[in-house]
Every structure is written in structure tokens, then in C-alpha cells.
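Just below is one structure, and these are the notes that go with it.
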Amino acid sequence: MGVERLIVIIQEQGISLLQRHLYLVFVSLFFAIIIALPIGILVTRPPFNRKINQILSFLNTAQGVPSLAVIAIFLPLMGVGVRPAIFALSIYALLPIARNTVAAIKGLDADVLEAARGMGLSKKEVLLKVELPLAMPIIVAGIQTATIFTVGTATIAHLIGAGGLGRLIFTGIAMNSPEFILAGSLMAAAIAITLDQLLGLFQRRVQRKFGG
Amino acid sequence: MTELRRIFNYFTNNLDRISGYTLEHLILIVIAIALSVGLWVSLGILLRNNKKTADSVLGLGSFIMSVPSVAIYGILISIPGLGLSRQSAVIALVLYSMLPILRNVYVSLNEVDKSILEAARGMGMSERQILRKVQLPLALPVILAGVRVATVMMVGIATLAVYIGERNLGVLIEQGLKRSRSDMIIVGALLVTVFVLVIDFGIGWLEKTVVPKGIQSDEESKTKAKAGGEI
Amino acid sequence: MIKIEEVTKKYPGMVRPAVDKLSLNIEEGEICVFVGPSGCGKTTTLKMINLIIEPSGGKIFVNGENVLEQNPNELRKKIGYVIQKTGLFPHYSVFDNIAIVPNLLGWEEERVEKRVVELLKMMNLDPDENRDKFPKALSGGQSQRVGVARAMAADPPVMLMDEPFGAVDPITRNQLQNEFLKLQQKVKKTICFVTHDIDEAIKMGDKIAILDQGKLVQFDTPENILFNPANEFVEEFVGSDRSLKVLNLLRVTTVIRKNIKRVKEKAGIDEINKYFSHPEKNRILIENDEKEVVGYLAKEEYHKISTAKGWNKAIRIFPTSLNNHNTLKDAMSDMLQHNIAALPVMDDDDKFMGIVSFADIRSYIGEAYEENETEKDQDENEVL
């Protein structure tokens with residue numbers, strides 16, 4: 001096994017696969033966020049809020065569905081390529097974001113909300129000026145979790161023809177080539193850890209700002 | 001309709017294979033969870049009064065957790081001596097379970113009400129007795145919540161271990177993808193999902209059975225414990 | 001029984017010791033209350049007795065033995081310990097909680113069973129109803145009772161109580177205090193009791209140790225703390241309403257009037273007239289056919305209403321009764337509540353002992369203060 005060969009693999013194939021990987025991650029996250037947030041908020045309003053505990057435990061359980069199953073199930077439905085991969089990744093990423101949104105809003109201090117209503121804020125104002133800012137740290141934590149999941153799950157997206165760093169890993173396993181495996185694994189790990197750290201930083205900043 | 005029939009037929013025609021895969025899946029999980037609980041609960045107990053070390057070990061855990069599972073498998077099988085073996089799969093699963101189990105053990109042992117500990121000490125219980133009779137039983141619900149999270153995660157990650165030589169329910173998906181056989185993919189996806197649900201439910205039932213009566217949590221503290229295990 | 005000698009506790013990084021060369025002696029069978037503002041070192045001192053906090057210097061003897069030379073766990077099994085938040089084990093039933101120390105000591109099952117049931121009864125908790133409950137099903141008062149029962153389980157001669165009744169509402173606290181005092185008369189434990197509430201100290205203590213900044217300011221009987229405060233600090237700490245606090249200190253038995261004449265409800269008017277003709281006889285007790293005292297007749301009211309037939313309209317029926325452990329404050333508050341100027345006092349067997357009246361309380365307090373004030377004046381004269 002040669003370090004030189006590893007570098008060659010990264011230079012020749014790694015960079016473009018990394019770009020594809022990041023593309024999959026960011027596009028999926030974008031969709032996940034714009035879908036999960038409204039759903040999460042909607043669920044905490046009447047009449048859904050009466051079933052909030054059931055909804056939360058559904059979201060928790062759904063999170064347990066193996067990522068391979070989620071990715072694979074879109075092959076018969078949508079065929080191969082980038083589009084089904086983004087579809088699957090978005091749905092998978094949606095769960096932690098929606099769950100944290102619901103849990104965060106549900107966990108807010110009822111007194112604060114009552115005080116806000118008592119001061120004459122409309123329901124919309126309470127949501128925008130009180131609930132969402134206070135819930136923000138936990139929502140961001142959900143986005144952080146979703147990002148890590150998505151970076152990981154995107155490695156499997158190769159299996160339905162979407163490319164990404166998974167290609168290096170799976171090819172390496174098939175060819176019994178540690179260089180390929182390590183090139184893919186290390187790059188995927190590096191993205192995950194970098195994004196995790198960055199979002200962790202952001203999360204703490206939000207926490208400081210809003211986390212009364 | 002014909003598609004549904006095809007799926008159903010695939011299932012009924014391959015029951016033997018499927019039960020073999022299920023068994024393999026289960027064996028892998030049981031080995032990994034047994035090792036994880038033994039290892040991480042002991043470590044949590046050892047580190048319970050050592051915040052500094054605990055913090056850095058937990059930092060390592062969340063570092064591992066953020067590495068994609070396929071990447072962990074990839075790195076492990078590149079290590080000479082491990083390669084495409086069950087050891088690699090087990091090690092990966094044990095590493096992944098570190099954060100949820102260790103964190104819950106550490107946090108829950110430290111969250112036992114100070115007045116209860118003081119009372120225990122005041123009655124002349126030794127540190128060992130306090131750990132065994134007070135701290136661990138009181139921490140049990142949160143520890144089990146961590147084990148539950150870890151196990152559910154392992155079932156999912158274990159399906160990917162088919163790419164490093166395991167022969168479990170993931171095989172159906174792997175083969176299905178390779179041969180573009182939607183019936184196999186769907187049967188595989190459904191079965192691993194059911195498997196996860198059964199495991200999740202099973203540990204939930206275990207929680208209810210083994211958690212001491214006096215602290216069986218009302219809904220609120222349970223969701224809290226669970227959320228604490230995942231966020 | 002408990003002897004504290006020059007005990008000091010100094011925490012690293014603190015300028016002033018938390019407890020500074022404190023010495024005092026607690027006699028067998030006494031309740032000694034440590035009281036003082038927060039940070040005065042009272043809890044620290046208490047916790048050094050069972051080595052929950054290790055002293056930095058000095059000696060502590062319990063029953064003649066230096067605690068510092070003993071194994072802390074063995075020592076603690078011999079000392080009952082009650083804390084404010086009860087510290088009941090939430091995963092243990094009431095029974096198991098009380099049985100902790102007996103089980104640690106390896107008692108036989110039967111003996112544990114007997115003891116726990118006995119303790120539950122002692123604490124006014126129905127054993128059958130409560131033994132299998134878990135702490136979360138108990139009210140605050142019940143939890144504290146179980147906490148006390150647990151501390152007494154192995155019948156330790158010495159008990160440490162750290163604000164044991166601090167976390168319950170005032171009515172329950174009063175009730176727990178009264179019950180505990182009654183119990184203490186039977187069990188005669190040597191008790192070290194911490195509170196920040198001077199009223200509680202006065203009520204519970206045979207002796208009171210007032211602490212400030214880790215030092216013992218005054219160690220004395222409640223009477224002396226009230227009537228002869230050692231310095232301005234004590235005076236201020238006790239408060240300007242000292243005379244009211246005396247009410248909390250004195251039991252109804254100090255002003256009880258016994259041997260008052262009793263008559264039947266249907267008694268003849270001559271008998272009453274004759275009795276009241278004596279200038280110092282102001283009240284007659286009324287009893288029913290079972291010879292139970294049911295009310296009283298006051299001379300004043302009798303004269304107002306007195307007609308040959310209707311005198312019994314002036315009878316005041318007792319709406320409630322006191323027991324001999326009640327304080328004068330209890331008595332006054334009951335009287336005010338029921339708008340009556342006298343109440344009967346019953347002994348532990350619920351037998352009539354005598355009555356306590358508003359007028360008697362007032363004159364007793366007045367006299368006590370007069371005596372004290374003159375004494376003090378004399379002292380001051382001597383100094384001058």
C-alpha cells in the first residue's frame with residue numbers, strides 16, 4: 001500500500017467525487033430544511049398539537065429505519081441517478097430536523113408564551129418573535145445531526161448511481177484495494193468532521209444568542 | 001398488482017434464506033451490543049467522578065459518530081489482520097455505540113439527586129454499595145434509553161456490513177441493487193425496517209420490566225431521556 | 001454524649017474558616033439546635049459529626065469515642081441522619097427505605113419487619129396502607145415522617161437532623177414538630193438539629209447554639225437565649241418580637257389551671273352563686289352525664305345573663321381541646337380561631353387535665369418579663 005498511490009487516487013478521482021458528494025449533501029439539506037421546518041411548526045399548532053407525543057415518537061422511530069433501506073427503496077420507484085438519491089437523502093435528513101423543531105417548541109416554558117400572549121402579541125408574532133428564536137438552538141442542533149447523517153448516507157448513494165465518495169470505498173472493497181477504500185473513507189470522514197465542527201460552532205453561537 | 005405478487009412470492013419462496021439472514025443479523029447485533037454494554041457501561045462507571053477525562057472520551061465518541069459508517073468499515077478492513085471479517089463489523093458497531101451508551105451512563109450516574117447520595121452516605125453505605133444499590137438502579141432508565149438508541153443504530157449500520165462480508169438481511173438489498181431486482185430490494189427494506197421496530201419495541205418492553213417500580217417514569221421524563229440520548 | 005472540641009473546618013481558598021474552633025457539649029437525651037444565618041457553619045458542624053464533612057482540626061466524641069478514629073461507614077450506621085430533602089430512595093418502597101440500615105447491619109428478616117412496622121406506627125403512618133408505597137406517592141409531610149423513621153430504624157442513640165422540617169408547609173411543619181417532640185419524650189435520643197428558623201429552634205431545643213461566622217455566639221437554654229441574649233447579635237437574631245417567641249417556647253402546662261370546680265349542666269343556681277361569690281373564682285367547668293368536661297361558665301358572662309332559669313345560656317361549649325405538648329402559641333391561635341377565651345388541656349391518654357385561658361397566658365408573660373427586666377436593670381447598675 002502506498003501513500004503516493006493514495007494521493008494519486010485523490011487527485012485523479014477524489015476531487016470530483018468530493019464535489020459530487022458535497023452537492024448531494026447540500027442540495028438534500030436545503031430541501032430537508034425548507035420542508036421540515038414548516039412541518040415541524042405546523043405540528044405544534046392546533047389541531048395537530050394534541051397528538052404531539054405520538055408524532056414525536058413516530059419521528060423517533062422513523063429515524064431508526066436503516067439508511068440503506070431508505071436509499072434502496074427509491075431505486076424501484078425512481079430508477080438510478082442523482083435525483084432519486086437527493087430525494088431519499090432529503091427525506092432521511094428531514095426527520096431529525098422536524099423532530100428537533102417539534103421537541104424544541106414543545107419544550108418551551110409555557111409561562112414565557114403566556115406572558116407573550118398577555119402582552120398582546122398575536123399568534124404569528126409569538127411564533128416569530130418568541131417561539132422560533134427560543135427554539136433555534138435545538139433546531140440548529142437538529143440540522144447538525146441531519147448533516148452528519150446525510151454525509152454518511154450519501155456514501156451509499158453511489159449504490160443507486162449517484163456517485164460521490166462512496167464510489168471510491170465500494171470500488172476499493174470490490175477490488176480489494178486499501179488505497180481506494182482509504183481515499184474515500186478519509187475524505188468522507190474529513191467532510192463529516194469538518195461540517196460537524198463548523199455547525200457545532202454555529203450551534204453554540206446561536207445558543208449564546210437565543211438560549212436564554 | 002403483479003408487482004405486489006412478485007414481492008410476496010419472493011418472500012415466500014425464500015423463507016429459508018431470509019430466516020438465515022435474520023439469524024445472522026441478530027447474532028451480529030447481540031455480540032456487538034453485549035460487548036458495547038460491557039465495555040461502555042464499565043467505562044462510564046470508571047469515569048463517573050472524572051469529568052475531565054469523561055469529557056475528552058465523549059468528545060472522541062462524538063467524533064467517531066460523525067464519521068460515515070461506510071468509511072469506518074473501509075478504514076477497519078484496511079487494517080492488516082482485520083480485513084473482511086466479522087471482527088471488523090463488530091468493532092465498527094461497538095465504536096458507534098460508544099457515544100449513546102457512554103454518555104447516558106456518565107450523565108445519568110452524575111444526575112442522581114445529591115440529597116439521595118448524601119442520605120446514603122449518612123446511613124453508612126460504602127461507595128460500592130451506593131453505586132450498586134442507589135446510583136445504578138436510578139440511572140437504569142437513562143442507560144437503557146442509550147442502549148436502545150445504540151441498538152437501533154446498530155441494526156441499520158449492520159445492514160451495510162454485507163459489503164464487508166456479513167450475510168444478513170442487508171444481502172437482500174445489496175443483491176437487489178446489484179441485479180436491479182425491485183422485489184428483493186423491497187422485501188429487504190421492509191424486513192430490516194420491521195427488524196428495527198421489533199428491536200426498538202423489545203428494548204422498550206425490557207425498560208418497563210427491569211426499571212424499578214418507584215422510578216418508572218411518566219411520559220414526560222421518558223421523552224426527555226430519549227431526546228437526551230439523541231440530540 | 002456528643003462532645004465537640006475546638007473543631008475547625010477550613011476550605012482551601014477561603015480566608016475565614018467555615019467553622020472556627022467550636023467547642024460544645026450535648027448531654028444525653030437532649031435536643032441541641034444549631035441556629036444562625038446562612039453561612040454561619042451550622043450545617044458544616046453537623047455534618048462533621050458523622051464525617052460527611054471531614055474536620056480540618058479538633059476532636060469530636062460521640063459516646064466517648066473519637067469519631068475521627070473510626071471507620072466512617074461503621075460510625076454512620078450508629079448515627080441517625082435526617083436531611084431536608086429527605087433523600088428517600090425513589091426506587092425503594094417505604095418499607096425498604098426504612099429497612100436500609102437494619103439490612104446493612106444484617107438483621108434477620110423478622111426483626112426488620114417488626115421494627116419497620118413499629119416505626120411506621122410511631123410516625124402515625126398506617127403500616128398496611130403505606131409500607132408498599134413508593135416515595136413519589138407520598139406527601140411532603142409523609143416523606144419527612146418516613147425520613148425520620150428511616151433515621152431511627154436501627155435505634156441509634158444519636159441523631160443528626162439537618163433542617164428536617166424545612167421543606168414542608170407551615171401547618172404540616174407545626175404538626176411534625178409536635179409529633180416529634182412527643183416522640184422524643186419517649187425515645188430520649190441525643191439530637192443535633194440544624195435550622196435557620198429561630199422559632200423552630202426555640203420550640204424544639206433543650207439547648208440552642210447560636211452560630212455566626214463559624215463561631216459559637218451563645219450556647220444556652222431557649223429561655224436564656226430569649227431573656228438574656230449574650231450580645232447584640234443574638235438580640236437581633238432572635239428579633240424584636242421576643243415576647244411572642246416566648247409563646248412558642250412555653251407549653252400550655254406552665255399556665256394550666258387544675259382543680260377547678262365542675263358542675264352538671266342542670267346544676268342549681270345556688271351552687272354557682274356560692275362559688276362565684278369568692279372574688280378569685282372566675283370560672284366553673286360544666287360536665288355532662290358521663291363526667292366529661294364539655295364547656296365552661298365565666299363569672300362575667302354569668303352575671304350579665306343571670307336569670308334563675310336561663311343561666312346555662314352563658315355556657316361556652318369547648319369547640320376543641322389542646323394537648324399537654326402544645327405551646328402557648330398553639331393555645332392562643334386556637335382560641336382566636338374559635339373565638340373563645342379558654343380551652344381544655346388533655347393528657348396523652350386524652351384525659352382532662354385542666355384549662356388554659358387567655359388571661360392566664362397574658363399575666364404569666366407579663367410577670368416573666370417584669371422579673372427579667374428588673375434583673376437586667378440591676379446588672380446594668382452594677383456595671384455602672
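These numbers come from the heavy atoms of this one structure, side chains and all, not from hydrogens, waters or symmetry mates. A, B, ... follow the sequence lines: proteins, then strands. Residue 1 opens every chain.
If you take OG on B:Ser180 and CG on A:Leu75, they are separated by 5.5 Å, rounding to the nearest 0.5 Å. Atom CD1 of B:Ile77 sits about 4.5 Å away from atom CD1 of A:Ile173, to the nearest 0.5 Å. For the atom pair CD1 of A:Ile156 and OG of B:Ser69, the computed distance is 6.0 Å after rounding to the nearest 0.5 Å. Taken from CG in B:Leu76 to OG in A:Ser185, the straight-line distance is 9.0 Å, to the nearest 0.5 Å.
Looking at heavy atoms from C-beta onward, B:Val70 lies in side-chain contact with A:Phe170 at the 4.5 angstrom threshold. The closest side-chain heavy-atom distance from B:Val67 to A:Ile193 is below 4.5 Å. When side chains are defined from C-beta on, B:Val196 does not count as touching A:Val65, because their heavy atoms never get closer than 4.5 Å. No side-chain heavy atom of B:Val192 sits under 4.5 Å from any side-chain heavy atom of A:Leu68.
For A:Ile191, no part lies near chain B; criterion is any non-hydrogen pair under 4.5 Å. Both the backbone and the side chain of B:Thr159 come within contact range of chain A, with heavy atoms under 4.5 Å apart. When heavy atoms are compared at a cutoff of 4.5 Å, B:Ile75 approaches chain A by way of both its backbone and its side chain. Within the 4.5 angstrom heavy-atom criterion, atoms from both the backbone and the side chain of A:Leu159 approach chain B. Neither the backbone nor the side chain of B:Ile72 comes within less than 4.5 Å of any heavy atom in chain A.
For A:Arg205, the CZ atom is loosely surrounded, since the number of other residues' heavy atoms within 6.0 Å does not exceed 12. The environment of CG in A:Asn176 is sparse: at most 12 heavy-atom neighbours from other residues, nucleotides or ligands sit within 6.0 Å. The environment of CD in A:Gln54 is crowded: more than 12 heavy-atom neighbours from other residues, nucleotides or ligands sit within 6.0 Å. The neighbour count for B:Gln175 CD, taken as heavy atoms of other residues, nucleotides or ligands under 6.0 Å away, is above 12. Atom CZ of A:Arg83 has 12 or fewer neighbouring heavy atoms from other residues, nucleotides or ligands inside a 6.0 Å radius.
In terms of non-hydrogen atom pairs under 4.5 Å with chain A, the most contact-rich of B:Thr193, B:Leu160, B:Ile186 is B:Leu160.
Considering every non-hydrogen atom in both B:Ser78 and A:Ile181, the closest pair reads OG-CG2, 3.7 Å. Closest approach of A:Gly64 to B:Val152, counting heavy atoms only: CA-CG1, 3.4 Å. The two atoms that bring B:Pro68 and A:Ala192 nearest to each other are CD-CB, 3.9 Å, heavy atoms only.
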